[in-house]
Structure formats: C-alpha cells, structure tokens
*Asks:* 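Handing you a structure now.
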Number of protein chains: 2
Amino acid sequence: MATVNQPRQQTKRPLRADAERTVRTILEAAERVLAANPAATMEQVAEAAGVARTTVHRRFATREALLDELTGWAARQFAEAVDSARPDATPPLVALYQVTANVLRVKTSWSFAMNRTFDEAHSEAARIHAEIQVRCVQLLRRAREAGVLRPDADLDWTRRVYYALIHEATAETDDGDADALATKVVDTLLRGFGSPAGAAAVHA
Amino acid sequence: MATVNQPRQQTKRPLRADAERTVRTILEAAERVLAANPAATMEQVAEAAGVARTTVHRRFATREALLDELTGWAARQFAEAVDSARPDATPPLVALYQVTANVLRVKTSWSFAMNRTFDEAHSEAARIHAEIQVRCVQLLRRAREAGVLRPDADLDWTRRVYYALIHEATAETDDGDADALATKVVDTLLRGFGSPAGAAAVHA
DNA sequence: AATAACCGCGACGTATATGTTGCAAGTAGA
DNA sequence: TCTACTTGCAACATATACGTCGCGGTTATT
C-alpha cells in the first residue's frame with residue numbers, strides 16, 4: 001500500500017517577523033518569475049526569492065496555495081486602488097481618470113496575479129474581481145447618465161474595452177507615469193482614433 | 001551510460017490520404033483542447049482527436065513540433081484572411097472593415113494558435129505575424145492620411161488597441177456574424193464611447 | 001541567556017508527461 | 001489481389017516537478 005503524498009496542511013499561527021518577510025519576498029519573486037513564465041517551477045520561484053525550495057513549501061503547502069495567496073493579495077491591492085479613488089463620490093469623468101491611474105499603478109507590478117483566470121468561483125480573488133466589475137459598470141452607468149458616454153453605449157462592451165485598454169497600457173514600453181497613461185486610456189476610450197470629420201471620409 | 005530519449009525525427013515524405021486526414025484531425029483537436037487549457041497534455045489532445053497517443057507522436061515528433069505546426073497553420077490562415085481583403089487596394093475605411101471581418105472569422109476558430117507567444121523569433125509564425133503587423137500599420141497610416149483617423153493618432157498605440165478590440169470581440173458571448181462584430185470593432189476604434197458633446201460634460 | 005522558531009541542505013518518495021519500440025490488425029491504392 | 005502504409009495497444013525508459021522529512025546551525029524574541 002503506497003503512502004500517498006498529501007500536502008502538509010499549513011497551520012495559520014502568527015509568524016515571526018523574519019518569516020513574515022520571507023513570505024513577502026517569496027510572493028514578490030513569484031510575481032516576477034510567473035509574469036515572465038506562467039509555467040515556472042517552484043525551484044525557479046525559490047531561486048528568484050533567494051531561498052531554498054523547501055522553504056517555499058514550508059510557507060505554502062502546495063503550488064496552488066501559493067498561487068491563491070498571490071492572486072488574493074493582488075486582488076486586495078486592486079480593490080484598494082479602486083476604493084481610494086472614491087468612484088461613487090466624485091464626478092464620473094474625474095473618477096474614471098482617478099481609478100484608471102490607481103489601477104495602472106498596481107497592475108504594472110502585478111500583471112501575473114491580476115490576469116490569472118479564476119477557475120474556482122469561490123476563491124476570494126474571484127469574488128473581489130466580480131465586485132469590482134460591478135462597481136465599474138456602475139461608474140460607467142453614471143458616466144452615461146451624466147452625458148460623458150453616449151446614451152446608446154453598451155456598458156458591458158464598454159467595460160471590456162476599458163479593461164483591455166488598461167491591460168494594453170501596462171505593456172507600454174516607455175512606461176511613463178500612471179497619470180499620463182491614464183489620460184491616454186480614458187482619452188482613447190472616449191474619443192477613439194477617428195477624426196471628428198471622420199464620417200465624411202466614407203464618401204471621399 | 002544512460003540511453004537518452006531523443007525525439008525521433010519526422011521524415012517529410014508525402015502522407016497517404018487517411019494519414020493526412022489524421023493530421024488535420026489532431027491539429028483541430030489540439031486547437032480546441034489547448035484553447036480551453038493551454039497546459040493540456042498530449043493524451044488529452046489524442047483523446048479529443050479520437051486517436052491513440054502514440055499516433056500523435058507518430059505525426060509530431062515532439063510537443064513543440066505539434067505546437068509549431070499549429071501556430072504555423074493558424075498564421076497562414078491569418079495571412080490569407082488579411083490578403084483576401086486587399087488592404088492595399090481599397091479605400092482605407094473599407095479595407096478596415098473587410099480585414100476586421102475576415103480576421104475575426106479565423107480568429108474565433110484559432111484563438112489558441114493565434115495568441116501563442118512566439119519565443120523563437122525565427123519561427124515561420126513569428127515572421128508572418130510580424131509582416132502582418134507592418135501591413136496593419138501601413139493601412140492605419142493610409143487611413144490617417146485619408147482623414148479617417150485623426151492627424152495626431154499614434155499609429156503604434158492605435159494598432160495595439162485595434163488588436164485588443166479584435167481579441168475582445170472574439171470573446172463575445174452572443175457571437176453574431178463576423179460582419180456585425182467587425183462593425184462594432186471599427187466603430188469603437190474610430191468613435192470610442194464618449195458622447196459628441198462629451199468635453200462639455202467636464203464642466204457640468 | 002534560554003527557548004522556540006526559522007532556514008538551508010540533502011535525501012527520499014511519488015506522480016505524471018514525454019517519447020520510444022515492436023507487433024498485430026486493418027485499410028488505401030496500384 | 002497484393003503491398004505498403006497506417007493505426008491501436010501494451011510496455012518500457014526517462015525526465016522533471018511536487019511534496020515530505022529530519023537534522024544542524026542560526027536568529028528573533030522573551
């Protein structure tokens with residue numbers, strides 16, 4: 001009868017200060033390494049973190065646990081970025097800029113953890129992202145009612161394009177500061193690239 | 001002295017008709033399976049194709065070879081889709097619609113193979129994609145000169161947003177026909193979502 | 001200073017994916 | 001019909017990633 005290798009469950013007792021630091025170091029290293037190669041191994045993460053592989057396993061029972069912790073952490077920072085922009089309390093257009101800038105700031109540093117697809121719908125990260133998505137649509141609706149968006153704008157499509165623009169902005173080579181990028185994103189979202197007299201060009 | 005497992009090199013002699021069919025079946029199955037799960041195993045691909053795993057290995061020496069073939073095939077279809085729209089010979093706006101519709105048609109069926117990142121810059125697929133990218137910028141430049149795009153449009157940023165919109169459009173749940181989606185994409189690209197009187201809203 | 005926690009290291013066990021080989025049975029095509 | 005190609009199957013070899021365990025040395029905390 002083979003003894004099955006079951007992951008050792010991680011006790012949740014308070015960590016010593018240095019251990020706490022190690023955890024953060026590992027998570028940051030994981031983000032870096034996995035952003036470059038999502039299939040990276042535990043060994044590579046450990047190496048990037050400057051610790052032994054066994055230490056990683058000491059802190060995170062399984063690979064899944066590490067990934068979950070990482071995405072959870074990023075999600076919380078994401079939520080924090082949105083919240084601190086007070087998207088429900090400021091004029092829609094201002095909020096749009098503010099939220100965009102804040103989100104860009106965190107997303108550039110957490111590209112892997114933020115783009116990870118959420119298989120299990122019950123994970124903390126999935127819940128947070130879903131909530132934020134709802135708030136995003138709310139903001140867009142307010143923008144539409146305020147006349148910032150066209151009355152016939154499809155909010156769901158708008159949101160997806162908005163997300164895509166943010167994603168694309170994080171890949172900018174000359175990553176200027178978040179505010180400049182945010183301006184670029186919102187500007188593109190609202191105006192697109194057509195010339196104001198664009199419609200006439202069809203008949204040219 | 002351990003005998004190292006080196007992939008058996010695939011002879012490139014003409015295949016019998018049924019074998020040719022098998023190859024296509026495998027590639028199509030690989031696309032389906034890998035689109036759902038990029039880390040899918042050879043076994044899963046074989047199962048989806050309705051063949052034995054060994055048969056897959058008979059046709060594709062290594063996993064890499066299969067992936068390369070897949071991306072190569074998709075890239076050729078991509079190029080074909082662009083070419084058949086004659087983007088250099090028709091008015092920019094028309095070409096934009098036409099290219100978009102054609103590309104959407106193939107991209108919906110080849111989402112995995114088209115999004116695969118190209119590590120080795122010397123692969124056929126990478127070359128094709130690079131060429132198409134150049135032609136895309138050319139088209140956008142023509143559009144700008146024709147007054148379809150704003151004179152100050154950043155062509156590289158425009159192209160990336162264009163790509164992102166196409167990508168997003170392929171994920172539409174109610175995947176209407178390619179023409180309708182193309183209209184949506186080009187419309188969004190040119191006009192964005194802001195109301196024409198949008199600028200005024202800032203002062204509201 | 002004493003204690004408990006932490007870490008590196010080496011070793012081990014396990015699971016799984018990849019790739020190979022040989023053979024028997026079936027089938028396309030001349 | 002005959003032949004060469006093709007396929008499924010079972011078995012094998014190998015590499016690699018994951019996870020565990022124990023020990024000795026170090027460090028934080030009291």
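Residue numbers begin at 1 in each chain, while the letters A, B, ... track the order of the sequences.
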*Asks:* Around atom CD of B:Glu131, are there more than 12 heavy atoms from other residues, nucleotides or ligands closer than 6.0 Å?
*Replies:* yes
*Asks:* D:dT6, OP1 or OP2 - any side-chain N/O from B:Thr22 closer than 4.0 Å?
*Replies:* no
*Asks:* Would you kindly give the CD1-to-C1' distance between A:Ile26 and C:dC7, to the nearest whole Å?
*Replies:*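 Rounded to the whole Å, the gap is 11 Å.
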*Asks:* How long is the line joining CD of B:Glu64 and P of C:dA17, in whole Å?
*Replies:*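 Roughly 17 Å, once rounded to whole Å.
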*Asks:* Expressed in angstrom and rounded to an integer, what is the separation of B:His57 atom NE2 from C:dG22 atom P?
*Replies:*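 The distance from NE2 of B:His57 to P of C:dG22 comes to 17 Å, rounded to the nearest Å.
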*Asks:* Are the side chains of B:Gln77 and B:Trp73 in touch, meaning some heavy atoms are under 4.5 Å apart?
*Replies:*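 A side-chain contact exists here, since the closest heavy-atom pair is under 4.5 Å.
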*Asks:* It should be established whether B:Arg59 places a side-chain nitrogen or oxygen under 4.0 Å from OP1 or OP2 of nucleotide D:dT7.
*Replies:*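 Checking B:Arg59 against D:dT7: at least one side-chain N or O falls below 4.0 Å of OP1 or OP2.
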*Asks:* If you pin A:Ala17 and B:Ala19 to their nearest nucleotides in DNA chain D, which one's is more 5'?
*Replies:*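 Comparing both residues, the 5'-ward one is B:Ala19.
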*Asks:* Enumerate donor-acceptor pairs with a distance under 3.5 Å from any side-chain N or O in residues 88-97 of chain B to protein atoms, sequence neighbours excluded.
*Replies:*
| from | atom 1 | to | atom 2 | distance (Å) |
| --- | --- | --- | --- | --- |
| B:Asp88 | OD2 | B:Arg135 | NH2 | 3.2 |
| B:Thr90 | OG1 | B:Arg86 | O | 3.2 |

*Asks:* Taking the side chain of B:Arg16 as heavy atoms from C-beta outward, which of D:dG8, C:dT27, D:dC18 is closest to it?
*Replies:* C:dT27
*Asks:* Does OP1 or OP2 of C:dA17 have a side-chain N or O of B:Thr41 closer than 4.0 Å?
*Replies:*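 So the side-chain polar atoms of B:Thr41 never come under 4.0 Å of the phosphate oxygens OP1 or OP2 of C:dA17.
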*Asks:* Between C1' on C:dG8 and CD on A:Glu47, what's the gap in Å once rounded to a whole number?
*Replies:* 15 Å
*Asks:* May I have the list of side-chain donor-acceptor pairs in residues 177-194 of chain B shorter than 3.5 Å, sequence neighbours left out?
*Replies:*
| from | atom 1 | to | atom 2 | distance (Å) |
| --- | --- | --- | --- | --- |
| B:Thr183 | OG1 | B:Asp179 | O | 3.0 |
| B:Lys184 | NZ | B:Glu172 | OE2 | 2.7 |
| B:Asp187 | OD1 | B:Arg191 | NH1 | 3.2 |
| B:Asp187 | OD2 | B:Arg191 | NH1 | 3.2 |
| B:Thr188 | OG1 | A:Trp157 | NE1 | 2.9 |
| B:Thr188 | OG1 | B:Lys184 | O | 2.8 |

*Asks:* Once you round it to whole Å, what is the distance between C1' of C:dG29 and CG of B:Leu15?
*Replies:* 15 Å
*Asks:* Just how far, in rounded Å, is P of C:dA17 from CG of B:Leu67?
*Replies:* 16 Å
*Asks:* Looking only at side-chain atoms of B:Thr62, point me to the closest of C:dG19, D:dT6, D:dG19.
*Replies:*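 Output: C:dG19.
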*Asks:* Describe the nucleic acid contact of B:Arg63 in one word from base, sugar-phosphate, nothing, applying a heavy-atom distance below 4.0 Å.
*Replies:*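 If one applies the 4.0 Å heavy-atom cut-off, B:Arg63 turns out to touch the sugar-phosphate alone, with no base involved.
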*Asks:* For C:dG19, does OP1 or OP2 lie under 4.0 Å from any side-chain N or O of B:Thr54?
*Replies:*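 No, outside the criterion.
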*Asks:* Between D:dT6 and B:Thr55, is there an OP1 or OP2 to side-chain N/O distance shorter than 4.0 Å?
*Replies:* no
*Asks:* When you measure only distances, ignoring hydrogens and angles, does the side chain of B:Arg53 come within 3.5 Å of the base of C:dG19 through a donor and an acceptor?
*Replies:*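 Side chain to base: pair found, below 3.5 Å.
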*Asks:* Counting heavy atoms not belonging to A:Arg24, are there more than 12 under 6.0 Å from its CZ?
*Replies:*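 Check fails, neighbour count at 12 or below.
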*Asks:* For the pair made of CZ in B:Phe60 and P in C:dT18, what is the distance, rounded to whole Å?
*Replies:*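 Taking CZ of B:Phe60 and P of C:dT18, I get 14 Å after rounding.
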*Asks:* So which nucleotide from C:dT18, D:dC18, D:dA28 ends up closest to the side chain of A:Asp18?
*Replies:* D:dA28
*Asks:* Let me know the distance between CD of B:Glu20 and P of D:dC5, rounded to the nearest Å.
*Replies:* 15 Å
